[in-house]
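Presented below is the structure to which this report refers.
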Amino acid sequence: MPSKTEFAYNAMISGYLQNGLMDEAKRVFDKMPVKNIVSWNVILSGYLQNGLLDEAKRVFDEMPVKNVVSWTTILSGYIQNGLMDKAKRVFDEMPVKNVFSWTTILSGYVQNGLLDLAKRIFDEMPVKNIFSWNVILSGYMQNGLMDEARRIFDEMPNRDSVSWATMIGGYGQNGDNKEALRFFIEATRDWERLNTCAFAFVLSTCADIVAFELGKQIHGRVVKGGIEFKCNVGNALVSMYCSCGNIKEAYDVFKRIEDKDVISWNTIINGYARHGYGQEALQHFDSMKQTSIQPDEITMVGVLTACSHTGLVDKGTHYFYSMSQDHGIEPDIKHYNCLIDLLGRAGRLDEAQNLVKSMPFEPNGVTWTCLLSASRIHESTELGEKAAKMLLSLEPWNTSLYVLLSNLYAASGRWEDVKKMQLKMRGMGITKTKGSSWVKVLNKVHTFCVGDFTHPDSKSICAFLEELDLRMISISAHSWKSWIRGRKRTDMSPQQTFVLHDVEEEELLHTLKYHCERLVVAYGIMKIPSGRPVCVFKNLCGDRTLTKIAGRLIILRDVGRFHHFEGGVYNCGSYW
DNA sequence: ATAGGGTTAG
């Protein structure tokens, strides 16, 4: 019974290949007494998946018989290895094509961003199935053509979970988070429409819009579905919790992910780094090195960010200069920017500027933003002006820069320049954007502008604010805590958080700014039940005085990172 | 045995 033997051998080869054991697979293949077409196709696929293109080509040429599967396998292999020209030639030469072959070449064009060619193939295809429809759908989404994608989605003869996930992910990646959420909710009407990717995508949207409540609810569904340990879902959860300021929950999820991949590690390392937990970030980097997962350039961004945010200048510098040797990762502009930020924050402004001059890349917007921020921390008008001007030349639409420059001139008494800047702004029709802060209460966003009392609950907010004012002036953390306790009757969990994010413009009077922050904080405390975090957002540097308002953990979110205060102690010490 | 969606940093 030779066919049965071949079947067993073929299964063995497949098994080895699935576990990445190419050599074992080859050994079995070579010793097979009789090979059938499946054996040849399987080993061909193995070579291609391992990037052994010359070997694959040899096998393909040596095959005693080729069928449409053999041709499609090598076609797909070329595409996966980035050889689109070769793939095209194979596709044209194939004696017989089936729907797999057509879909493969279609996918090749989509993957290479050649949407017009993909469209042509899609129209020419003699037979289409749901795979083909999903590929073209994804093609439109990848090119930002959301309306076209929507038309395809409506037109397709039927839709499966991949179609739904493509829509959710596509809208999210193109910045239409509202539509992404709408599609996710629509998908939840039928369990069949959901898969792990749908959850990963929607969680990514939650991270993007900092939808903590919704994210938590979705986490609940994920647990119910038993997929929280899945890598892609787990990674998205970790990222969502990090973005929402909840690093502890993020770590809880991270711990439980099965088969952590490089993204899992990157997410937690970068999460710790953004939250100012430099030591934890570096510890996880060390743990990562104990695994078989190789750090990549994003890992190094996290490591350098960790050093930068915690003032580990020497350590950061060392990581930067040895990353090529230690991990085979050549520093790119991202890493240079991290190092510039590191030096800048540490007040080593000259070194930072020299690095900008000597690095092998053109400085980009991030570079100048780092220098700008360094100039603010260390009060260097000269550097600030230069950085702001450079940034303005790259981002002329960035209206806040005009305001910033004008303030900078004002601060050093250069009234002529202030006037010029103001004229320029007027000429360009730039009006000062009004500072605002917002708070989410059960996923509803409440926005407050400075001195704006149009919110329906304004009256009670003001009353509460007065009470808050009395309590906030120079009171100790302890008395504040007991006051809150009294007010809430129930005990507050120590994990309760404020996430504060500065939305105001720097030039606003401090009192006004403070006032505005208080409006949201007050509203948040009033409306958000105890046991839930109060998330308040602002977009510039946060105000340290806010530490006073709590005898519990405060998380302050400013431009790109989080500051943790626990019992009045800042987790980065005196290093802002 | 051959085809689709995949989460991270900025």
Side-chain angles (χ1 to χ4, degrees), chain A residues 7 10-11 13-14 17 36-46 48 67-77 79-80 94 97-108 110-111 125 128-139 141-142 160-170 172-173 195-205 207 230-240 242-243 250 254 257 260-271 273-274 296-305 332-335 337-338 341 364-367 369-370 560:
Chain A
F7 183 85
N10 290 342
I13 300 174
S14 286
L17 288 177
N36 64 18
I37 180 113
V38 176
S39 331
W40 284 96
N41 287 342
V42 173
I43 202 75
L44 173 65
S45 160
L48 289 163
N67 63 9
V68 64
V69 176
S70 330
W71 282 95
T72 308
T73 302
I74 198 149
L75 172 67
S76 163
I79 291 171
Q80 278 161 34
M94 292 175 73
K97 299 174 176 69
N98 64 12
V99 66
F100 282 76
S101 335
W102 282 97
T103 308
T104 303
I105 193 78
L106 176 67
S107 159
V110 166
Q111 280 171 44
M125 289 175 77
K128 298 176 179 58
N129 62 14
I130 193 154
F131 280 74
S132 338
W133 283 96
N134 285 338
V135 173
I136 199 74
L137 182 66
S138 151
M141 275 304 193
Q142 279 172 38
D160 66 4
S161 65
V162 172
S163 328
W164 283 92
T166 305
M167 295 306 278
I168 299 164
Q173 278 151 13
N195 59 18
T196 61
C197 285
F199 282 100
F201 284 136
V202 76
L203 285 165
S204 165
T205 282
K230 296 262 178 216
C231 193
N232 58 349
V233 177
N235 293 348
L237 275 170
V238 174
S239 162
M240 183 274 292
C242 286
S243 299
F254 171 80
I257 299 174
K260 297 178 183 62
D261 64 2
V262 66
I263 295 180
S264 321
W265 287 101
N266 289 352
T267 310
I268 199 73
I269 291 170
N270 276 286
R274 285 182 65 206
D296 66 7
E297 77 277 6
I298 296 169
T299 320
M300 296 317 295
V301 169
V303 169
L304 296 172
T305 307
D332 65 21
I333 181 92
K334 294 192 292 290
H335 305 108
N337 285 338
C338 287
D341 189 50
N364 62 16
V366 180
T367 317
T369 306
C370 290

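Throughout, a chain's letter reflects where its sequence line sits, starting with A, and its residues are numbered from 1.
- Note: CD (Q111(A)) to P (dG6(B)) measures 10 Å, nearest angstrom.
- For N266(A), the listed nucleotide lying nearest its side chain is dT8(B); candidates were dG4(B), dT8(B), dT7(B).
- Using a 4.0 Å heavy-atom distance criterion, D261(A) is classed as a base contact.
- Listed candidates were dA9(B), dG4(B), dA1(B). Nearest to the side chain of S107(A) is dG4(B).
- With distances taken from any side-chain atom of N270(A) to the nucleotides dT8(B), dA1(B), dA9(B), the minimum falls on dA9(B).
- Counting non-hydrogen atoms under 4.0 angstrom, T267(A) reaches the backbone sugars and phosphates but no base.
- Within the 4.0 Å cut-off from OP1 or OP2 of dT2(B), not a single side-chain nitrogen or oxygen of T104(A) is found.
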* Report the C-alpha separation of M141(A) and Q173(A) in whole Å, then their side-chain angles, then the decisive distance to 0.1 Å, and conclude whether the side chain to side chain contact (heavy atoms under 4.5 Å, CB included) test is met. => CA-CA 9 Å; M141(A) 275 304 193; Q173(A) 278 151 13; over 6 Å; no
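- Residue T72(A) places none of its side-chain N or O atoms closer than 4.0 Å to OP1 or OP2 of dA3(B).
- Among residues two or more places apart in sequence or in another chain, the ring pair (Phe, Tyr, Trp, His ring centres under 6.0 Å) test is passed with F199(A) by F184(A).
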* Evaluate the criterion side chain to side chain contact (heavy atoms under 4.5 Å, CB included) for residue pair T369(A) and N337(A); output intermediate values, then yes/no. => CA-CA 9 Å; T369(A) 306; N337(A) 285 338; over 6 Å; no
* Going through the distances and angles, do K260(A) and F254(A) end up as a side chain to side chain contact (heavy atoms under 4.5 Å, CB included)? -> CA-CA 8 Å; K260(A) 297 178 183 62; F254(A) 171 80; 3.6 Å; yes
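- Base engagement by C231(A) is indicated by at least one non-hydrogen atom pair under 4.0 Å involving a base atom.
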* To do: Start with the C-alpha gap between S163(A) and L137(A), add the side-chain angles, then the distance that decides, and say whether side chain to side chain contact (heavy atoms under 4.5 Å, CB included) holds.
  => CA-CA 8 Å; S163(A) 328; L137(A) 182 66; 4.2 Å; yes
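- When distances are taken from the side chain of V366(A) to each of dG10(B), dT2(B), dT8(B), the shortest belongs to dG10(B).
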* Give the C-alpha distance, both sets of side-chain angles, the deciding distance and a yes or no for side chain to side chain donor-acceptor pair (under 3.5 Å) between N266(A) and N235(A). => CA-CA 9 Å; N266(A) 289 352; N235(A) 293 348; over 6 Å; no
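- Among the nucleotides dA3(B), dG10(B), dA1(B), the one closest to the side chain of N67(A) is dA1(B).
- Rounding to whole angstrom units, NZ of residue K260(A) and C1' of dT7(B) are separated by 15 Å.
- Here dT2(B) presents its P atom at 9 Å from CG of N41(A), a figure rounded to the nearest Å.
- Remark: T196(A) is not in phosphate contact with dT7(B), judged by side-chain N or O atoms under 4.0 Å from OP1 or OP2.
- Within 4.0 Å of F201(A), counting heavy atoms only, lie sugar-phosphate atoms of the nucleic acid but no base atom.
- Relative to the side chain of R274(A), the nucleotides dG10(B), dG4(B), dT7(B) differ in distance, and dG10(B) lies closest.
- In this structure, I268(A) atom CD1 and dA9(B) atom C1' are separated by 14 Å, rounded to whole Å.
- Put simply, CZ on F254(A) is 12 Å from C1' on dT8(B), counting in whole angstrom units.
- In this entry the distance linking CH2 of W40(A) with P of dT2(B) reads 18 Å, nearest Å.
- Atom pair F131(A):CZ and dG4(B):P shows a separation of 8 Å (rounding to whole Å applied).
- Minimum atom distance to the side chain of N232(A) is reached by dT7(B), of the listed dT2(B), dT7(B), dG4(B).
- One can place CD1 of I79(A) at 10 Å from C1' of dA3(B), the figure rounded to the nearest angstrom.
- Within 4.0 Å (heavy atoms only), N129(A) reaches at least one base atom of the nucleic acid.
- Listed nucleotides dT7(B), dT2(B), dG4(B) differ in distance to N98(A); the shortest reach to its side chain belongs to dT2(B).
- Residue-to-nucleotide contacts include a donor-acceptor pair under 3.5 Å from the side chain of D160(A) to the base of dG4(B).
- Looking at heavy-atom distances under 4.0 Å, N337(A) makes no contact with the nucleic acid at all.
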